[in-house]
Amino acid sequence: MECSLIKRVCLFLLWVGGVAQANAEQGCPYPSSVKYVSGYFQASDKQSHWRSPKVDAHDFADRFIGALFTPGKGQDRENGYLDRCVYLMGSGRSLALRYDMPGALSTMSLTKSLHWELATDPLKQDVYICQDSQPDNCTFTVGRLN
């Protein structure tokens, strides 16, 4: 009986840890973690995977330029998606990485970071832009569908 209770507590703690990790604060990858693999630039960690469109040039990510968040509606910081993280490559070209998480997304939201600024894109849509040299300052949160 005591063993069963311990198993239940352990399972509960694992579940809570998984939920907390799924909603953890994240940021764009550091340039040093962006690698060219089979025609794509990509970066991965325990929680996420980032990938560029297919490219034919071997290059390297020299520095982080910023990120773009598109609200789901109006100026809502709590529901939208991180459109891309942008890097300046060694060749002088820019490269965008898009967030790719296995499974279904339910929400993406901006953190309380003061680095996200409201702007208007060329199509007159509200967007949030983070222009900072440190990817950790362009943080966001991702939630998953169950």
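Computed from a prediction, not measured in an experiment: that's the story for all the values here. Basis for what follows: all heavy atoms, side chains included, without hydrogens, waters or symmetry-related copies.
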Undergrad: Indicate whether any N or O donor in one side chain lies under 3.5 Å from an N or O acceptor in the other, for Tyr99 and Asp83.
TA: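 The answer is no; no qualifying pair exists.
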
Undergrad: Working to the nearest 0.5 Å, report the span between CD of Glu78 and CG of Leu110.
TA: 8.0 Å

Undergrad: Does some side-chain heavy atom of Ile129 sit less than 4.5 Å from a side-chain heavy atom of Glu117?
TA: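 Not in contact.
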
Undergrad: More than 12 non-hydrogen atoms from neighbouring residues, nucleotides or ligands closer than 6.0 Å to NZ on Lys73, yes or no?
TA: no

Undergrad: Looking at side-chain heavy atoms only, is the closest gap between Gln42 and His49 below 4.5 Å?
TA: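 Yes. Closest side-chain heavy atoms under 4.5 Å.
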
Undergrad: Taking all heavy atoms of Met108 and all of Phe69, pick out the closest pair and write down the distance.
TA: O-CZ, 3.7 Å

Undergrad: With a 3.5 Å cut-off and no angle check, do the side chains of Gln75 and Tyr128 form a donor-acceptor pair?
TA: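 No, because no side-chain N or O of Gln75 sits under 3.5 Å from a partner of the opposite role on Tyr128.
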
Undergrad: Give the cluster check for Phe140 versus Ile65: same hydrophobic cluster or not, with ILVMFWY residues linked at side-chain heavy-atom distances below 4.5 Å.
TA: no

Undergrad: For Tyr87, does the six-membered ring have the charged nitrogen or CZ of Arg63 within the cation-pi criterion, i.e. under 6.0 angstrom from the centroid and within 45° of the normal?
TA: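 Geometry flag: not set, cation outside 6.0 Å or 45°.
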
Undergrad: Could you tell me whether the SG atom of Cys28 lies less than 2.5 angstrom from the SG atom of Cys138?
TA: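 No disulfide here.
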
Undergrad: Within a 6.0 Å radius of atom CD on Gln131, are there more than 12 heavy atoms belonging to other residues, nucleotides or ligands?
TA: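 Open.
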
Undergrad: Without swapping roles, check the side chain of Trp50 against the backbone of Arg84 for a donor-acceptor pair under 3.5 Å.
TA: no

